[in-house]
Amino acid sequence: LFTVKRDGMMHVACMHNDGLQIYSRRMDVVTAGYPHIVLSLQGLPIGTILLGEMIFTRPDGTDDFNLVSRICRSDPEKALARQKEFGQLSFYMFDMAFFQGENLLTTKPYRARHAGLQKLVDKLGSPHLLAAETLDMSHVAAMQHIKKRKLEGIVVFDHTSVMETRKAFTFNGKAERPNVLWKSKPKYEDDFIVRFDPESGIGEYGTGKNQGKLKSVFCYQLDENGQEVFLAKCGGGLTDEQRDYYSTCSYPRVWRVEFDSIQPKTGSLRFPVFSGTDRTTIKDKSIEECIMSEAILSARLQEEEESEDS
């Protein structure tokens, strides 16, 4: 069973005997920042725990993670002020862990839990509450669907199995990936100018076993004026041998870099990883050819347009 992964911040809603509380991923009480969610969940039975993400959906249907992050990382007063200015967050729920005190995670398969969650959301009838969207299609089709809608990815559930207790619950502060689900995200890639000169503040050296070796390079593309624009730090995807080589080789170079998505307004890359292709070594692309992509240009234009509107 495929569900749509939205780009938000994890929260937990729990109906106690004395009322509803909303917790962050770190289990900080953040109820005061979301009175509209509290009101929407007033019909929730006591002993029910819902798992989800706070999200903000733009008019084009994409997620604004930056705004969600600014709101969720604020104190309640600022969270309320920012929602008044930009719009209220929605609670996108992907699982129902407990219902009326009954543990569902290790006793009910996901398809049954999701059906119960959808029924609950329909009953509560609030526009601020959403049950995870399911996709009835192949994995290939689902990934194409997500890419077209510019969403984060999908979560793949073994919908007939239940979670192992040691995977469903931990008491050491470290969450484990449950045994019955996997995340799948579309990947994007492009060519970037990379530079490494830590003494000048460009790139970073590692620590520990990588002391004195490359930790990350800085990635750039050329804007419409031919100026290099910083877009990411990249250190993922490198082998130990590559870290040794790229610590002492010549720069600038051209790397093929994979990434999950592009940050609105800044055009920065999310989760960049070296693909293994060094265009400088194989001599098939020059620095001058690393022109900023249309996707990054469009993302950066959002900042300019909002500044002009202001």
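In what follows, every heavy atom counts, from backbone to side chain, and hydrogens, waters and symmetry copies are set aside.
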Would you check, one step at a time, whether the test side chain to side chain contact (heavy atoms under 4.5 Å, CB included) holds for Ile22 with Val38?
CA-CA 8 Å; Ile22 299 175; Val38 175; 4.0 Å; yes

Starting from the C-alpha separation in whole Å, work towards a yes-or-no answer on side chain to side chain contact (heavy atoms under 4.5 Å, CB included) for Met96 and Leu120.
CA-CA 10 Å; Met96 182 159 55; Leu120 183 64; 4.1 Å; yes

Take Arg149 and Glu133 through the salt bridge (Lys or Arg N to Asp or Glu O under 4.0 Å) test and state the conclusion after the steps.
CA-CA 13 Å; Arg149 289 173 59 186; Glu133 178 185 353; 2.9 Å; yes

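In this structure, Glu152 does not pair ionically with Lys183, as no charged nitrogen and carboxylate oxygen lie closer than 4.0 Å. A salt bridge links Arg279 with Asp191: at least one charged nitrogen is closer than 4.0 Å to a carboxylate oxygen. Ionic pairing of Arg300 and Glu224 is not present here: no N-O contact between side-chain nitrogen and carboxylate oxygen is shorter than 4.0 angstrom. The existence of a salt bridge linking Glu228 and Arg195 is confirmed by a sub-4.0 Å separation between a basic side-chain nitrogen and an acidic carboxylate oxygen. Taking a cutoff of 4.0 Å between a charged side-chain nitrogen and a carboxylate oxygen, Arg270 and Asp7 qualify as a salt bridge.
Side-chain contact, Thr281 with Arg253: a donor N or O sits under 3.5 Å from an acceptor N or O. Side-chain contact annotation: Asp158 with Ser161, donor-acceptor N/O pair under 3.5 Å present. In this structure, a donor-acceptor pair under 3.5 Å is absent between the side chains of Glu189 and Ser275. If you check the side chains of Ser286 and Glu289, you find a donor sitting under 3.5 Å from an acceptor. Under the 3.5 Å distance criterion, with hydrogens and angles disregarded, a donor-acceptor pair is assigned to the side chains of Asn103 and Thr106. No donor-acceptor contact under 3.5 angstrom links the side chains of Asp278 and Gln242, judged on distance only.
Taking a 6.0 Å sphere around NZ of Lys233, one finds it holds 12 or fewer heavy atoms contributed by other residues, nucleotides or ligands. Residue-environment remark: CD (Glu77) stays at or below the threshold of 12 foreign heavy atoms within 6.0 Å. When the shell of 6.0 Å around NZ of Lys187 is examined, it contains more than 12 heavy atoms from other residues, nucleotides or ligands. Applying the 6.0 Å contact sphere to CZ of Arg73 captures no more than 12 heavy atoms from other residues, nucleotides or ligands. Counting heavy atoms of neighbouring residues, nucleotides and ligands inside a 6.0 Å radius, atom NZ of Lys147 exceeds 12 of them. More than 12 heavy-atom neighbours from other residues, nucleotides or ligands sit within 6.0 angstrom of NZ on Lys285.
The CG atom of Leu129 sits 8.0 Å away from atom OG of Ser90, with the distance rounded to the nearest 0.5 Å. We find the CG-NZ distance between Leu181 and Lys167 to be 10.5 Å, quoted to the nearest 0.5 Å. The CE atom of Met163 sits 10.5 Å away from atom CG of Leu104, with the distance rounded to the nearest 0.5 Å. Note: Thr134 OG1 to His159 NE2 = 11.0 Å, rounded to the nearest 0.5 Å. One distance of note links CG of Leu41 with NE2 of His128; it measures 11.0 Å at 0.5 Å rounding. The distance from atom OG of Ser298 to atom CD1 of Ile296, rounded to the nearest 0.5 Å, is 10.0 Å.
Checked against Val217 for a side-chain contact (heavy atoms from CB on, under 4.5 Å), the options Phe192, Tyr246, Trp255, Phe274 give a single hit: Trp255. The side-chain contact (heavy atoms from CB on, under 4.5 Å) with Leu130 is formed by just one residue from the set Val4, Ile55, Val121; it is Ile55.
Considering only residues two or more places apart in sequence or on other chains, Glu102 meets the side chain to side chain donor-acceptor pair (under 3.5 Å) condition with none of them. Residues passing the ring pair (Phe, Tyr, Trp, His ring centres under 6.0 Å) test with Phe259: none are found, sequence neighbours excluded. By the salt bridge (charged side-chain N to carboxylate O under 4.0 Å, His left out) test, Glu258 pairs with no residue at all, sequence neighbours left out. Under the ring pair (Phe, Tyr, Trp, His ring centres under 6.0 Å) criterion, Phe91 pairs with no residue at all, not counting sequence neighbours. Under the side chain to side chain donor-acceptor pair (under 3.5 Å) criterion, Tyr251 pairs with no residue, sequence neighbours left out. For Arg25, there are no salt bridge (charged side-chain N to carboxylate O under 4.0 Å, His left out) partners two or more places apart in sequence or in a different chain. Partners of Thr62 by side chain to side chain donor-acceptor pair (under 3.5 Å), not counting sequence neighbours, listed by chain and number: Arg58, Asp60. The ring pair (Phe, Tyr, Trp, His ring centres under 6.0 Å) search around His114 returns Tyr110, not counting sequence neighbours. With sequence neighbours left out, the side chain to side chain donor-acceptor pair (under 3.5 Å) criterion links Arg113 to Asp95. Taking the salt bridge (charged side-chain N to carboxylate O under 4.0 Å, His left out) definition, one finds that Asp197 meets it with nothing, sequence neighbours left out.
Cluster annotation: Phe196 and Val254 are assigned to distinct hydrophobic clusters (Ile/Leu/Val/Met/Phe/Trp/Tyr, side-chain heavy-atom contacts under 4.5 Å, transitive). Phe86 is not connected to Leu80 by any chain of hydrophobic side-chain contacts under 4.5 Å among Ile, Leu, Val, Met, Phe, Trp and Tyr, and they are in different clusters. In the hydrophobic clustering of this structure, Ile37 groups with Met15; members are Ile, Leu, Val, Met, Phe, Trp, Tyr whose side-chain heavy atoms approach within less than 4.5 Å, directly or through other members. Both Leu269 and Val229 sit in one connected hydrophobic cluster of ILVMFWY residues. Membership requires side-chain heavy atoms under 4.5 Å apart, directly or through other members.
Side-chain atoms of Asp136 and Leu1, non-hydrogen and from C-beta on, never get closer than 4.5 Å to each other. At a threshold of 4.5 Å between non-hydrogen side-chain atoms, the residues Lys213 and Asp244 count as touching. The side-chain heavy atoms of Asp63 and Thr57, taken from C-beta on, include a pair separated by under 4.5 Å. Between Lys78 and Arg70, the closest side-chain pair of non-hydrogen atoms is not below 4.5 Å.
For residues 4-27, the pairs satisfying ring-ring contact (aromatic ring centres under 6.0 Å, His included) are His11-Tyr34, with sequence neighbours left out. Listed by first then second residue, pairs satisfying ring-ring contact (aromatic ring centres under 6.0 Å, His included) with a partner in residues 129-156 read Phe2-His139, not counting sequence neighbours.
Proximity of a side-chain donor or acceptor of Ser247 to a complementary backbone N or O of Leu214 within less than 3.5 Å is detected. Listed for the Thr207 side chain is no donor-acceptor partner under 3.5 Å among the backbone atoms of Gln211. Side chain of Gln83 to backbone of Ala79: a donor-acceptor contact under 3.5 angstrom is found. Arg243 contributes a side-chain N or O that, together with a main-chain N or O of Gly235, makes up a donor-acceptor pair within less than 3.5 Å. A donor-acceptor pair under 3.5 Å is absent between the side-chain atoms of Ser200 and the main chain of Ile202, judged by distance alone.
In this structure, Phe271 has its ring center no closer than 6.0 Å to that of Tyr188.
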